[in-house]
Each structure stands twice: as C-alpha cells, then as structure tokens.
Enquirer: 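One structure follows; several queries about it will come next.
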Amino acid sequence: MRRMKMSAQGPEFSRMAYGTWRVLDTQPTAQEINRRLNVCLELGITTVDTAEIYGLYEVEKALGEALALTPGLRDKLEIVTKAGIYVPCKYHPDRRTAHYNATGERLIKSLDKSLRWLSTDHIDLFLVHRPDWLTRADDTAAGLNRLLAEGKIRAAGVSNYSASQFDLLNARMAQPLVTNQIEFNLFHVEPMTDGTLHQCERLGVPPMAWSPLAGGRMFDPENRAAKGLAAVAAELSERYAGATLEQLAYAWIMAHPSRPLPVIGTNRTERIRSAAQAEAITLAREDWYALWEAAQGRKVP
Ligand SMILES: NC(=O)c1ccc[n+]([C@@H]2O[C@H](COP(=O)([O-])OP(=O)(O)OC[C@H]3O[C@@H](n4cnc5c(N)ncnc54)[C@H](OP(=O)(O)O)[C@@H]3O)[C@@H](O)[C@H]2O)c1
C-alpha cells in the first residue's frame with residue numbers, strides 16, 4: 001500500500017483508510033476489533049478514521065479497548081477523529097435537539113475526551129465533523145490552533161465543508177488544514193463540479209472520501225443505477241485481472257486528480273483485503289468514464 005503526505009509538513013497516511021462508523025453494528029468483541037485493525041496493518045492500511053459521535057459516542061471507547069490489546073499497535077497507526085456533532089442520547093438526555101458546535105471550547109473538550117477513550121496522548125488528524133453555521137471561523141480556529149500548539153493534535157482538517165467554508169477557516173489557521181473529508185463515490189459525484197475537489201487539488205490537500213461504496217447502495221439489486229453499474233463492472237472486470245465492482249469503485253475514486261483517499265467502511269476482513277488490492281488498479285480513461293455513465297444513468301454530456 002502506497003503512502004502519501006497530506007501536506008508538505010505531513011502527516012503521512014496510507015493511500016486508503018479504514019473507517020469505524022459501523023464498527024459496532026455487528027456487536028464485536030474488543031478482540032474482534034483488534035483482529036480487524038491488525039489485518040489493516042498487515043495490508044499497510046495504517047490510517048484509521050473515527051469520530052466522537054460514532055456508535056452514539058461508543059466507538060472511540062471500543063477502539064481504545066481494542067488498541068490496548070496489542071502493545072504498540074496505536075503507534076503503528078494514524079488516528080483520525082472528529083468532533084462537533086451533538087445529539088440527544090443516553091449519556092445526554094438533557095440535549096433536546098441534534099446540533100453542531102464548532103466553538104473552540106467545545107472542540108477542545110471533545111478532543112480531550114477522545115484522547116481518554118482512545119488511551120492516547122495525541123491524535124494524528126482532528127477534523128471538525130460538520131460546519132457549524134453559528135460559530136465564527138476565528139472561534140473554531142482558536143480551539144484548533146491551541147490543540148496544535150499543545151501537541152494534542154498533529155494536524156487539523158474539516159469534514160463536509162464547502163470550498164468557501166474551507167477557505168474561511170483555513171485563513172484563520174496557524175497551520176493549514178490538511179483535508180476535507182467528504183462524501184465522494186460513483187453515486188455522489190457533485191464534489192467534482194461544486195468546487196470542493198478543485199480546491200483540494202489547488203491547495204495540494206488530499207480529500208478523504210467517505211462512503212466510497214455509497215454506504216452499500218451500490219449493491220442493492222432494487223437500485224436501477226446499481227444494476228447498470230454492476231453490468232458495466234462485470235464487462236470491465238476481465239481487463240483488470242478479475243476486479244470486483246467494489247475494487248473498481250475504489251479505483252475510480254483514487255483516479256481523480258485531487259488524489260482522494262477512500263475511507264473503507266466494511267466490517268468484513270475479507271472485504272478489507274479485497275479493498276486493499278484496488279490501490280494497484282489504474283483505470284483506463286474510457287473505463288473511468290464508462291463507470292461514471294453507468295452509475296449516473298446517462299451519457300457524458
Ligand atoms: N465525515 C463524515 O461525515 C462521514 C460520514 C459517513 C462515513 N464516514 C467515514 O467513512 C467510512 C466509510 O463509510 P461507509 O461505511 O458508508 O462506507 P461504504 O464502503 O460506502 O459502505 C459500507 C457498507 O457497504 C457494505 N458493503 C461493502 N461491500 C459490499 C458488498 N460487496 N456487497 C454488499 N454490501 C457491501 C458494508 O457491509 P459489510 O460490513 O457487511 O461489508 C457496509 O454496510 C465510515 O466508517 C466513516 O469512517 C464519514
């Protein structure tokens with residue numbers, strides 16, 4: 001697995017990351033999560049994506065327990081976590097409405113909690129999970145800048161920001177933001193045309209692509225676009241050493257000139273292994289467009 005620098009000063013990540021949003025869906029033991037992390041490591045997938053809110057605030061704790069089972073494992077991985085989404089839940093019955101909060105004070109509080117749950121003294125990349133419409137960029141930046149200065153986070157970034165929201169916050173940062181983690185896949189191609197990926201390319205900031213398989217919708221037999229995509233993928237497969245639809249879908253994302261880093265979401269180790277092989281696939285130009293046409297259900301204009 002190749003690696004890449006997220007900015008001139010780092011950090012350096014694996015070309016694909018492992019995402020933990022759904023990690024508790026199968027009610028795994030800490031040993032099972034630990035095994036999955038070790039499979040990632042063996043494949044060279046060293047970057048692990050999580051967030052305070054995943055599993056309604058329970059995933060980070062589960063990850064911390066899984067990491068603790070292999071001494072030294074944490075230091076072989078780059079941990080990405082996020083904060084800024086607060087929803088009513090059993091820990092916070094006082095919350096009435098789901099809301100975003102990207103004030104510096106709130107981000108610092110959340111990050112300190114993430115460090116405790118993950119049993120680590122630093123986070124490799126800390127992301128503001130969603131833009132908070134009520135917070136001044138100066139306020140958000142003050143919190144992130146303080147965490148950077150204290151060494152609690154090695155780099156800062158954002159998620160689900162528009163290009164202009166990114167520009168605004170970036171202008172207030174002591175150290176440039178290193179990614180925008182966004183939804184980007186064959187069923188969600190808007191970032192290619194709304195300026196998000198152009199900005200990443202211009203700034204040399206690789207985006208992280210969440211839901212690279214459209215959250216599994218790519219395999220829904222009831223979905224017309226999925227059926228079309230599966231047919232084209234089957235036609236192309238032979239040209240790419242029998243590559244599967246998901247491998248072609250990952251390769252499709254990585255082919256974009258902004259160098260997106262797919263965040264793999266499967267809970268199955270055999271699918272993690274298969275995903276890692278996609279990194280070696282270089283799609284021919286016409287095949288990339290053929291996949292776009294199949295997924296979008298229309299001809300290239
Ligand atoms: N920043 C954000 O706002 C944000 C939002 C969403 C996600 N994320 C990050 O992105 C990561 C990935 O997102 P995601 O989980 O939506 O990724 P995804 O890869 O698009 O979807 C994963 C889902 O697809 C299923 N799947 C995979 N291969 C399949 C196949 N061949 N046939 C049928 N189903 C298949 C998986 O089931 P199995 O487990 O059974 O394989 C899983 O339920 C998350 O873990 C999280 O870290 C970030």
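Read the numbers this way: they start at 1 and go in the same order the structure lists the ligands and their atoms.
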Enquirer: With nothing but distance in play, are any N or O atoms of Y250 less than 3.5 Å from an N or O of ligand 1?
Expert: no
Enquirer: Looking only at protein heavy atoms, which one is nearest to atom 7 (C) of ligand 1, and how far off is it?
Expert: W21 CE3, 3.6 Å
Enquirer: Taking the six-membered ring where the residue is Trp, are the ring centres of Y289 and W252 under 6.0 Å apart?
Expert: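 No, they do not, as the ring centres are separated by 6.0 Å or more.
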Enquirer: Is there a donor-acceptor contact under 3.5 Å from the side chain of E12 to the main chain of K5?
Expert: no
Enquirer: Show, in sequence, the C-alpha distance, side-chain angles and deciding distance for Q277 and Y250, and conclude whether the side-chain hydrogen bond (donor to acceptor under 3.5 Å, both in side chains) test is met.
Expert: CA-CA 10 Å; Q277 289 169 15; Y250 291 125; over 6 Å; no
Enquirer: Among side-chain atoms of H256 and S258, is any donor-acceptor pair under 3.5 angstrom?
Expert: yes
Enquirer: Nearest 0.5 angstrom please: T179 OG1 to I182 CD1, how far?
Expert: 8.5 Å
Enquirer: Does G215, backbone or side chain, put an N or O under 3.5 Å from an N or O of ligand 1?
Expert: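 Indeed, backbone or side chain, G215 has an N or O that close.
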Enquirer: Any side-chain donor-acceptor pair under 3.5 Å between R36 and T269?
Expert: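 Looking only at side-chain atoms, T269 and R36 do not form any donor-acceptor pair under 3.5 Å.
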Enquirer: Compare S274, A17, S159 and give the one whose heavy atom is closest to atom 1 (N) of ligand 1.
Expert: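 Shortest heavy-atom distance from atom 1 (N) of ligand 1: S159.
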Enquirer: Can you report which non-hydrogen protein atom sits closest to atom 40 (O) of ligand 1, along with the distance?
Expert: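 Sorting protein heavy atoms by distance from atom 40 (O) of ligand 1 puts R268 NE, 2.9 Å first.
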Enquirer: In ligand 1, which numbered atoms sit nearer than 4.0 Å to a non-hydrogen atom of E246?
Expert: 31 (N)
Enquirer: Does H129 have a non-hydrogen atom less than 4.0 Å from ligand 1?
Expert: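 Yes, H129 has a heavy atom closer than 4.0 Å to ligand 1.
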Enquirer: Give the numbers and elements of all ligand 1 atoms closer than 4.0 Å to a heavy atom of P212.
Expert: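 Those of ligand 1 that fall under 4.0 Å from P212 are 17 (O), 18 (P), 19 (O), 20 (O).
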Enquirer: If you have a sec, work out which protein heavy atom is nearest atom 39 (O) of ligand 1 and how many Å separate them, to one decimal?
Expert: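 That would be N267 N, 2.8 Å.
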Enquirer: Any idea which atoms of ligand 1 are less than 4.0 Å away from a heavy-atom of G19?
Expert: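 Every atom of ligand 1 under 4.0 Å from some heavy atom of G19: 45 (O), 47 (O).
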Enquirer: Please state whether Y54 comes within less than 4.0 angstrom of ligand 1, counting heavy atoms only.
Expert: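 True for this residue.
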Enquirer: Output the distance between atom CG (D112) and atom CG (L147), rounded to the nearest 0.5 Å.
Expert: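 Those atoms lie 7.0 Å apart.
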Enquirer: So which protein heavy atom does atom 27 (C) of ligand 1 come closest to, and at what separation?
Expert: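 Of the protein heavy atoms, L213 CD1, 3.7 Å lies nearest.
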Enquirer: Look at the side chain of E183 and the backbone N and O of N160, then say whether any donor-acceptor pair between them is shorter than 3.5 Å.
Expert: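 Here the side-chain-to-backbone pair does not exist.
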Enquirer: Sub-3.5 Å donor-acceptor pair from the side chain of R2 to the main-chain atoms of E279, do we have one?
Expert: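 It does hold such a pair.
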Enquirer: Please list, in number order, the atoms of ligand 1 under 4.0 Å from a heavy atom of T266.
Expert: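 Selected atoms, number and element: 38 (P), 39 (O), 41 (O).
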Enquirer: Which of the numbered atoms in ligand 1 are under 4.0 angstrom from any heavy atom belonging to D49?
Expert: 9 (C), 46 (C), 47 (O)
Enquirer: For ligand 1, which atoms, with element, lie under 4.0 Å from some heavy atom of A214?
Expert: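 Those of ligand 1 that fall under 4.0 Å from A214 are 20 (O).
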Enquirer: Hey, does F219 come in under 3.5 Å of ligand 1, counting only N/O atoms on both sides?
Expert: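 No - when backbone and side-chain N and O of F219 are compared with those of ligand 1, no distance drops under 3.5 Å.
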Enquirer: Between R130, R106, K109, R116, which is the residue that forms a salt bridge (charged side-chain N to carboxylate O under 4.0 Å, His left out) with E52?
Expert: R106
Enquirer: I'd like to know if the side chain of N34 and the backbone of A30 have a donor-acceptor N/O pair within less than 3.5 Å.
Expert: no
Enquirer: Inspect the surroundings of CH2 in W210 and state if more than 12 heavy atoms from other residues, nucleotides or ligands are less than 6.0 Å away.
Expert: yes
Enquirer: With nothing but distance in play, are any N or O atoms of K82 less than 3.5 Å from an N or O of ligand 1?
Expert: no
Enquirer: Taking atom 11 (C) of ligand 1 as the point of reference, which of T50, V263, D25 owns the nearest heavy atom?
Expert: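 Of the listed residues, V263 has the closest heavy atom.
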Enquirer: Look at atom 22 (C) of ligand 1 and say which protein heavy atom is nearest, naming residue and atom and giving the distance to 0.1 Å.
Expert: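 Going by distance alone, atom 22 (C) of ligand 1 is nearest to R22 NE, 3.6 Å.
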Enquirer: Can S159 and N180 be counted as having a side-chain donor-acceptor contact under 3.5 angstrom?
Expert: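 No - no donor-acceptor pair under 3.5 Å links their side chains.
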Enquirer: Using modelled atom types and a 3.5 Å cut-off, is there a donor and acceptor pairing between side-chain atoms of Y57 and backbone atoms of V87?
Expert: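 Confirmed, Y57 side chain pairs with V87 backbone.
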Enquirer: For atom 5 (C) of ligand 1, what's the nearest protein heavy-atom neighbour? Residue, atom name and distance, please.
Expert: W210 CD2, 3.2 Å
Enquirer: Which residue from A51, S211, G216 reaches closest to atom 13 (O) of ligand 1 through any of its heavy atoms?
Expert: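 Residue with the shortest heavy-atom distance to the ligand atom: S211.
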Enquirer: Give the atom numbers and elements of ligand 1 that come within less than 4.0 Å of a heavy atom of N160.
Expert: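 Near N160, meaning under 4.0 Å from one of its heavy atoms, ligand 1 has 1 (N), 2 (C), 3 (O).
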Enquirer: Among all protein heavy atoms, pick out the one at the shortest distance from atom 26 (N) of ligand 1; state its residue, atom name and that distance to 0.1 Å.
Expert: R271 NH1, 3.7 Å
